[in-house]
Amino acid sequence: MNLKLPSKQERHKLFGSVQPGEKLKPAIKDEMVDLQSQKNDFLFNIDSVGISNVKIPVTINSFIEPVKQGTIAAFTLTSSIPGNQKGTNMSRFIEQLEEYRLRGFTMEQEQLYQFVSDLSARLGQKNVRVEVEFPWFYERKGPSSELSGLNHATVRMTVQQDSDKNYKISGELSCAVTTLCPCSKEISEYSAHNQRGIVKISVDPTVLSEDWKEQLLYAAESNASACIHPLLKRTDEKIVTETAYENPRFVEDMVRLVAADLYEKEWINGFTVECRNEESIHLHDAIATLTYKKKIKVEQPDIKKSGWCHLVNKFSAIDFFYEIFF
Ligand SMILES: Nc1nc2c(ncn2[C@@H]2O[C@H](COP(=O)(O)OP(=O)(O)OP(=O)(O)O)[C@@H](O)[C@H]2O)c(=O)[nH]1
């Protein structure tokens, strides 16, 4: 270990770095060409332009422990632009995201509605969309030992403002469950193959219920053969195994049973349920999807001009909490 290295500057030169050239273009913002804001006939309107896969730390409130948690959210922020505008001002998306991060950005619909409203004003565009995806952690206890660990589901929220300033929100949750094959149980002398099923539920609500992600998780887990657990002792494993055997489910059974639960929820206008079983006896997956739309008149949320807007949630989160735990 007795190398005689050239200085860092000489090393950079060795690997191709050169002296800066003569700088002739303006360095002051007001003197710079603003290509993006140029007006001309640029042939087409653009439906959606912006940034995607922007990751920042955010906060989530949960009705299941841990009730307040930090997570990493990935954002896609876009707007339309008219045919006479060359481009969007991309830095403004990040500028606004940073302002919200510094204030404390919680992934709730009130803040997302306000975010879209503020972004629309900042960009000077009406068609604005924010999509955010993040892992949500929830505590799961072993059914007998009651020892706990953390599971997580993937949550996605989308808020869109259209050219008439109408708002539309949607929510999606994707979680893992256990499914045990009814056919295998029926035909075999012993046992039945089972697998991890990925249930994805997308809902189209008037307004998302305050505890919407907990309700969707419950709809998936309570209709599965068994729940997925991070930590199981033998006493737990026996119960989980037997519960799965007592509740066999095809992917078709899963999407229909979850659909029935979603249909009963007043705040949901339409939904899509998908179940994908990572088959343990095949290399391929089994999948089923079901989409249903109720015939309902959609009301608009009340967005305040500044500050977080307040929306009334029709469904009681506390009712749901008691339904699960008592
Ligand atoms: N429109 C557009 N911008 C891009 C593209 N690729 C990079 N940029 C961004 O251009 C940005 C700079 O443009 P603006 O955001 O319009 O900057 P500005 O004009 O100083 O900002 P304002 O004062 O808010 O108008 C940088 O943040 C780059 O990321 C692209 O394909 N299209």
Side-chain angles (χ1 to χ4, degrees), residues 12 15-60 70-135 154-170 172 301-309:
H12 283 182
F15 284 92
S17 295
V18 292
Q19 288 299 313
E22 195 183 355
K23 311 277 175 167
L24 300 171
K25 293 192 178 178
I28 297 163
K29 192 181 172 200
D30 287 347
E31 294 172 10
M32 289 177 170
V33 178
D34 189 355
L35 278 184
Q36 291 86 309
S37 304
Q38 270 180 6
K39 298 282 186 231
N40 204 337
D41 180 358
F42 290 109
L43 313 180
F44 294 102
N45 297 332
I46 293 180
D47 304 324
S48 151
V49 53
I51 55 176
S52 67
N53 199 23
V54 193
K55 294 195 173 96
I56 62 159
V58 295
T59 304
I60 318 174
T71 189
I72 302 293
F75 285 84
T76 299
L77 309 173
T78 56
S79 82
S80 61
I81 54 166
N84 69 351
Q85 185 177 331
K86 182 160 174 65
T88 187
N89 298 105
M90 294 232 173
S91 60
R92 297 185 196 177
F93 292 101
I94 298 286
E95 259 175 354
Q96 182 166 313
L97 207 51
E98 184 62 359
E99 274 179 26
Y100 271 65
R101 184 186 72 80
L102 292 171
R103 263 193 265 166
F105 204 178
T106 302
M107 294 299 96
E108 285 182 345
Q109 59 189 330
E110 289 84 353
Q111 290 201 20
L112 291 176
Y113 277 130
Q114 196 62 54
F115 186 91
V116 167
S117 173
D118 291 351
L119 190 59
S120 165
R122 188 181 288 258
L123 295 170
Q125 305 291 344
K126 285 183 185 157
N127 285 294
V128 174
R129 187 171 191 273
V130 55
E131 185 181 312
V132 58
E133 184 179 299
F134 52 87
T154 302
V155 172
R156 182 190 290 258
M157 299 170 81
T158 306
V159 176
Q160 187 147 12
Q161 178 192 286
D162 68 16
S163 50
D164 297 323
K165 289 212 160 190
N166 288 320
Y167 289 83
K168 189 168 164 43
I169 190 162
S170 59
E172 186 179 289
D302 175 26
I303 312 289
K304 281 187 189 160
K305 286 227 166 61
S306 62
W308 306 136
C309 74

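Read the numbers this way: they start at 1 and go in the same order the structure lists the ligands and their atoms. Nothing fancy with the numbering, it's 1 onward along the sequence.
Applying the side-chain hydrogen bond (donor to acceptor under 3.5 Å, both in side chains) rule to pairs touching residues 18-35 yields Asp34-Ser37, sequence neighbours excluded.
Of the candidates Ser91, Gly124, Gly50, Ser91 brings a heavy atom nearest to atom 17 (O) of ligand 1. Between atom 1 (N) of ligand 1 and the options Leu35, Leu123, Thr88, Asp34, the minimum heavy-atom separation is to Thr88. Ranked by closest heavy atom to atom 12 (C) of ligand 1, the top entry among Gln36, Met32, Lys86 is Gln36.
In terms of protein heavy-atom proximity, atom 24 (O) of ligand 1 is closest to Arg92 NE, 2.6 Å. Of all protein heavy atoms, the one closest to atom 3 (N) of ligand 1 is Met90 CG, 3.3 Å. Here the protein heavy atom with the shortest distance to atom 16 (O) of ligand 1 is Asn89 ND2, 2.7 Å.
For atom 7 (C) of ligand 1, no protein heavy-atom neighbour is present inside the 4.0 Å cut-off. For atom 26 (C) of ligand 1, no protein non-hydrogen atom is found at a distance below 4.0 Å. Shown here, atom 22 (P) of ligand 1 is in close reach of the protein: a heavy atom of it lies under 4.0 Å off.
For Pro82, the side chain to side chain contact (heavy atoms under 4.5 Å, CB included) partners two or more places apart in sequence, or in a different chain, are Asn45, Asn84, Gln85, Gln125.
Between Phe115 and Phe105, the ring centre distance stays below 6.0 Å.
If you take CG on Asn127 and OG on Ser79, they are separated by 8.0 Å, rounding to the nearest 0.5 Å. To the nearest 0.5 Å, atom CZ of residue Arg103 and atom CD of residue Gln111 are 8.0 Å apart.
Among the atoms of Lys29, some N or O lies under 3.5 angstrom from an N or O of ligand 1.
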Show your reasoning for whether side-chain hydrogen bond (donor to acceptor under 3.5 Å, both in side chains) applies to Tyr100 and Asp118.
CA-CA 10 Å; Tyr100 271 65; Asp118 291 351; 2.6 Å; yes
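Residues Pro135 and Ile60 come closest through the heavy atom pair O-CD1, 3.8 Å.
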